[in-house]
Amino acid sequence: MPVNPKNKVIVSIYRDGDLYFSVGVVESTGKVVKISLPKTDKTKAIADITNYYPDFELRDEYKDIAKDISRIYKGKKVDFDLGMLELDVDKSNRDLPVKSTFQKDVLLETYNIPYGEVETYKSLAEKLISRAYRAVGTVMAKNPFPLVVPCHRVVKSDLTIGQYGGGRKMKGELLKKEGVHLKGDKIIKKNYRT
DNA sequence: TCGATGGCTTGTA
DNA sequence: CTACAAGCCATCG
């Protein structure tokens, strides 16, 4: 695949203990195009970005973003500016992380789920006047900005936790760190509101 | 273009 | 409680 120099990506890594948090930022625009869930191995953290953006350079300049992401992971409430994310949809540009308006709309709704709360795939779809529950799940699965776009706060209608890119275990732990009460892999009702 | 595939949901047994 | 089928709809090859 030919590489468009306009889309050269800078990868920055923040290390916290044995976890590596990585972020990919387009050099020409300064926008984040990819965030990865923590890896226990630096190579994997880089690979997670560069699988999508093979033309990259490892630099420290966006380390603070990766650090903020690590703070979200630790359960802190972090104010993250949406404007830093590349959310443009342009079908003629294959390198943009968000491929459709549907995907963008779902990501934006997800972004608005407050800290410490959960919402279901179903209610998210219904907010978009759609019955595309499964398609919402697909958007979550492909979320380019995990943690910042808190797909870990999206759960199944029966209030069980559902799947997660980093595994159910990580999803449950993330929710607990935010104060969501769980019994096994099920959200306790009183902590749920739409 | 069209069928297969999902981080889903609901109903039935 | 579990299991399975059918329905749903955006995405991918």
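Letters go in sequence order (proteins before strands), and every chain restarts at 1. Heavy atoms only: backbone and side chains are in, while hydrogens, waters and symmetry mates are out. Predicted model only: the values in this text are computed from it and were never measured.
Base contact: A/K171 has a heavy atom under 4.0 Å from a base atom. If you check every strand for non-hydrogen atoms under 4.0 Å, A/A132 touches sugar and phosphate atoms only. Contacts of A/S157 with the nucleic acid, taken as non-hydrogen atoms under 4.0 Å apart, involve only primed sugar atoms and P, OP1 or OP2.
The structure places OG of A/S12 at 8.5 Å from CZ of A/R59, a figure rounded to the nearest 0.5 Å. Within the model, atoms CG of A/L85 and CG of A/L107 stand 9.0 Å from one another, a figure rounded to the nearest 0.5 Å.
The side chain of A/K122 places an N or O atom within less than 4.0 Å of a non-bridging phosphate oxygen (OP1 or OP2) of B/dT10. Side-chain nitrogen and oxygen atoms of A/R131 include at least one within less than 4.0 Å of the OP1 or OP2 phosphate oxygen of C/dC9.
Listed by residue number, there are no residues of residues 100-115 of chain A with a heavy-atom contact under 4.0 Å to DNA chain B.
The closest donor-acceptor contact from the side chain of A/E86 to the backbone of A/D88 lies under 3.5 Å.
There is no path of hydrophobic side-chain contacts, each under 4.5 Å, that joins A/V118 to A/L128.
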Parsed dot-bracket for DNA chain C after applying the Watson-Crick and G-U rules with both distances under 3.5 Å and | for other-strand partners is .||||||.|||||
Which side-chain N or O atoms in residues 159-169 of chain A pair as donor and acceptor under 3.5 Å with protein atoms at least two apart or in another chain?
| from | atom 1 | to | atom 2 | distance (Å) |
| --- | --- | --- | --- | --- |
| A/T160 | OG1 | A/D158 | OD1 | 2.6 |
| A/T160 | OG1 | A/D158 | OD2 | 3.4 |

